[in-house]
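Report on one structure; see the data block that follows.
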Amino acid sequence: MSKKRQAPVVAQPEARLLLLTRHGALGSSSRLRLMAYRPWLEQAGFQVELSTFFHDDDLRARYANGRAGAGVILRAYRRRQRALMGLNRYQFIWVEKELFPFLPGSVERWLAWAGVPYAVDYDDATFHRYDAHGSALVRGLLGRRLVPLLRGARLVTAGNAYLADYARRAGAPSVSLVPTVLDVNQYVLADEPDDAVLRVGWIGSPSTAPYLRLVREPLRRLARERPVRLVVIGAEAIPTMDVPVEHHPWSASTESALLGTVHLGIMPLPDGPWERGKCGYKLIQYLACGKPVIASPVGVNQEMVTPAVGLLATNADQWLTALRRLGADAPLRRRLGRSGRALVEAHYSLPAWGPAVATRIAETAGLSTREPARMPTWMRR
């Protein structure tokens with residue numbers, strides 16, 4: 001997966017590219033998977049425009065109320081419809097996940113009907129919202145609703161092998177693995193907190209907070225042996241924990257500093273179809289700050305978490321053992337943290353990935369005007 005830095009292909013002048021994202025900058029997938037590449041896409045010669053399905057205020061309301069109201073959803077569908085009515089202005093479209101959630105698959109043919117070439121991006125197993133839905137009616141009517149969108153795409157960018165395999169089975173003609181990455185320069189290596197209390201960090205959204213139930217028992221058992229504090233960044237409503245909890249709201253300007261105050265980071269996950277589609281972004285954030293990690297061996301976590309950067313834990317006993325080991329060994333934490341930072345710099349750095357992704361999009365759009373930069377072999381598939 002390692003790459004050399006490269007200059008992107010230069011697209012034809014005035015090549016207009018529309019990013020159809022699910023959220024604005026507040027939505028991590030939208031921010032990291034498409035919007036983050038805007039500078040490199042513009043450097044490649046694209047005139048980039050953005051149209052979100054939900055606004056950031058909609059997402060804030062959802063986090064506060066637990067779900068989006070009917071009015072918010074209706075406005076989102078109208079917003080997307082308006083964006084699609086002007087497709088003749090664009091030479092290429094990059095779609096995050098889907099066009100219209102929970103509508104029949106025939107609607108996802110909209111771009112093909114319009115004759116506009118497009119790419120689709122996945123960093124979650126969105127297809128399991130439908131083919132693994134609790135309602136047999138939804139499974140029957142919508143289980144394959146994304147297949148037309150995938151088959152019509154010139155390119156699918158997938159955050160891990162699980163998502164890429166689904167896209168290929170659905171008939172996508174070209175699939176490239178593009179991991180979720182970050183601007184490593186925005187994450188500072190901080191000294192460990194000088195604190196007798198073991199500070200265990202977790203960062204995430206309300207949708208992933210229920211996974212913390214998996215570490216409730218091991219944290220409680222560890223707290224009988226030594227002081228422990230769970231530091232939560234980004235989700236106020238979490239399951240009841242049996243250790244002191246320190247809450248912090250998420251902000252791009254503070255997340256690095258807050259992660260610098262913990263001794264280690266955790267990513268508990270159940271082994272389910274939806275979780276196998278996760279792309280390990282929490283782990284990348286912890287490692288970028290030089291923090292060792294403990295994670296469930298689910299999906300891409302098994303690839304990221306080697307003995308060089310952290311520990312894997314399947315059940316409560318293994319979680320307790322891992323927490324004990326890292327909690328008691330400061331030199332080990334520092335060694336793993338340094339190795340983790342190096343891993344992110346080499347394989348999960350946005351400045352390294354930006355040119356490669358912009359090149360791939362420009363090539364796919366058929367707009368390049370000079371010999372493309374040398375691409376990693378696995379991205380040419």
Side-chain angles (χ1 to χ4, degrees), residues 11-12 14-27 29-38 41-42 45-59 62 68-124 126-127 129-130 138 141-158 167 170-175 357-358 360-362 364-367:
Q12 294 175 357
E14 304 303 321
R16 300 182 73 175
L17 169 64
L18 176 63
L19 303 181
L20 290 175
T21 64
R22 185 171 178 83
H23 299 110
L26 189 61
S29 292
S30 303
R31 182 178 70 252
L32 300 167
R33 298 293 301 180
L34 273 70
M35 296 168 66
Y37 292 104
R38 188 167 188 164
L41 292 167
E42 291 175 342
F46 285 107
Q47 181 181 337
V48 181
E49 297 181 27
L50 173 70
S51 178
T52 70
F53 188 78
F54 290 112
H55 285 166
D56 281 348
D57 286 344
D58 300 334
L59 187 59
R62 178 186 168 190
V72 168
I73 294 173
L74 181 59
R75 287 192 294 273
Y77 278 90
R78 288 176 175 170
R79 188 180 303 120
R80 177 56 51 88
Q81 183 181 25
R82 287 195 298 270
L84 294 178
M85 295 304 293
L87 290 183
N88 59 344
R89 297 182 296 152
Y90 303 99
Q91 283 69 53
F92 201 72
I93 314 292
W94 197 4
V95 182
E96 181 191 350
K97 297 182 175 67
E98 56 191 343
L99 295 178
F100 292 99
F102 283 94
L103 290 189
S106 58
V107 179
E108 297 297 316
R109 293 191 176 97
W110 192 309
L111 297 179
W113 290 333
V116 182
Y118 65 92
V120 187
D121 181 77
Y122 291 100
D123 72 333
D124 271 320
T126 304
F127 40 89
R129 293 187 186 276
Y130 310 108
V138 172
L141 294 177
L142 303 178
R144 292 178 55 81
R145 68 172 301 276
L146 296 178
V147 170
L149 183 69
L150 291 166
R151 287 181 176 173
R154 288 195 178 180
L155 172 69
V156 174
T157 50
S174 180
V175 181
V357 171
R360 190 70 170 104
I361 294 296
T364 303
L367 300 173

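Residues: numbered from 1 along the sequence shown.
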Are side-chain heavy atoms of [X] and [Y] found at a separation under 4.5 Å?
X: Pro101; Y: Tyr77; answer: yes
X: Ser29; Y: Glu96; answer: yes
X: Val72; Y: Phe54; answer: yes

Hey, could you give me the [atom1]/[atom2] distance between [X] and [Y], rounded to the nearest 0.5 Å?
X: Thr364; Y: Trp94; atom1: OG1; atom2: CH2; result: 10.0 Å
X: Leu18; Y: Ser51; atom1: CG; atom2: OG; result: 6.0 Å
X: Leu17; Y: Leu41; atom1: CG; atom2: CG; result: 5.5 Å
X: Leu99; Y: Leu111; atom1: CG; atom2: CG; result: 5.0 Å

**Complete:** Applying side-chain contact (heavy atoms from CB on, under 4.5 Å) to Val116 and not counting sequence neighbours gives Leu87, Ile93, Ala114
**Request:** Using side-chain contact (heavy atoms from CB on, under 4.5 Å) as the criterion, list what pairs up with Ala112, not counting sequence neighbours.
**Result:** none
**Qualifying side chain to side chain donor-acceptor pair (under 3.5 Å) pairs, either residue in residues 109-122, two or more places apart** = Arg33-Asp121, Asp121-Thr157
**Item:** Contacts of Thr52 that satisfy side-chain hydrogen bond (donor to acceptor under 3.5 Å, both in side chains) - sequence neighbours left out
**Value:** none
**Message:** Restricting to side-chain hydrogen bond (donor to acceptor under 3.5 Å, both in side chains), what partner residues turn up for Glu49, sequence neighbours left out?
**Reply:** Arg16, Tyr90
Only pairs under 3.5 Å count here: list side-chain donor-acceptor contacts from residues 144-151, not counting sequence neighbours, and write none if there are none.
unit_1: Arg145; atom_1: NE; unit_2: Leu103; atom_2: O; d: 2.6
unit_1: Arg145; atom_1: NH1; unit_2: Glu98; atom_2: OE1; d: 2.6
unit_1: Arg145; atom_1: NH2; unit_2: Phe100; atom_2: O; d: 2.5
unit_1: Arg145; atom_1: NH2; unit_2: Leu103; atom_2: O; d: 3.1
unit_1: Arg145; atom_1: NH2; unit_2: Glu108; atom_2: OE2; d: 2.6
unit_1: Arg151; atom_1: NE; unit_2: Ala170; atom_2: O; d: 2.9

**Fill in**
Here the pair of heavy atoms bringing Pro173 nearest to Ala153 is CG-O, 3.0 Å
**Complete:** When every non-hydrogen atom of Leu142 is compared with those of Pro104, the smallest separation belongs to CD2-CA, 3.9 Å
**Request:** With sequence neighbours excluded, give me every salt bridge (Lys or Arg N to Asp or Glu O under 4.0 Å) pair touching residues 77-88.
**Result:** Asp58-Arg79
Just jot down the ring-ring contact (aromatic ring centres under 6.0 Å, His included) partners of [X], sequence neighbours excluded, or say none.
X: Tyr130; result: Phe102
X: Phe92; result: none
X: Tyr37; result: none

**Request:** Decide, yes or no, whether a salt bridge links Lys97 with Asp123 under the criterion of side-chain N to carboxylate O below 4.0 Å.
**Result:** yes
**Message:** Please check this pair: side chain of Arg38 against backbone of Val48, looking for a donor-acceptor N/O pair closer than 3.5 Å.
**Reply:** yes
**Request:** In sequence, state the C-alpha distance, the side-chain angles, and the governing distance for Arg31 and Leu26, and then conclude on side-chain contact (heavy atoms from CB on, under 4.5 Å).
**Result:** CA-CA 7 Å; Arg31 182 178 70 252; Leu26 189 61; 5.7 Å; no
**Request:** Could you give me the CA-CA distance, side-chain angles and deciding distance for Ser174 and Val156, then say whether side-chain contact (heavy atoms from CB on, under 4.5 Å) is met?
**Result:** CA-CA 6 Å; Ser174 180; Val156 174; over 6 Å; no
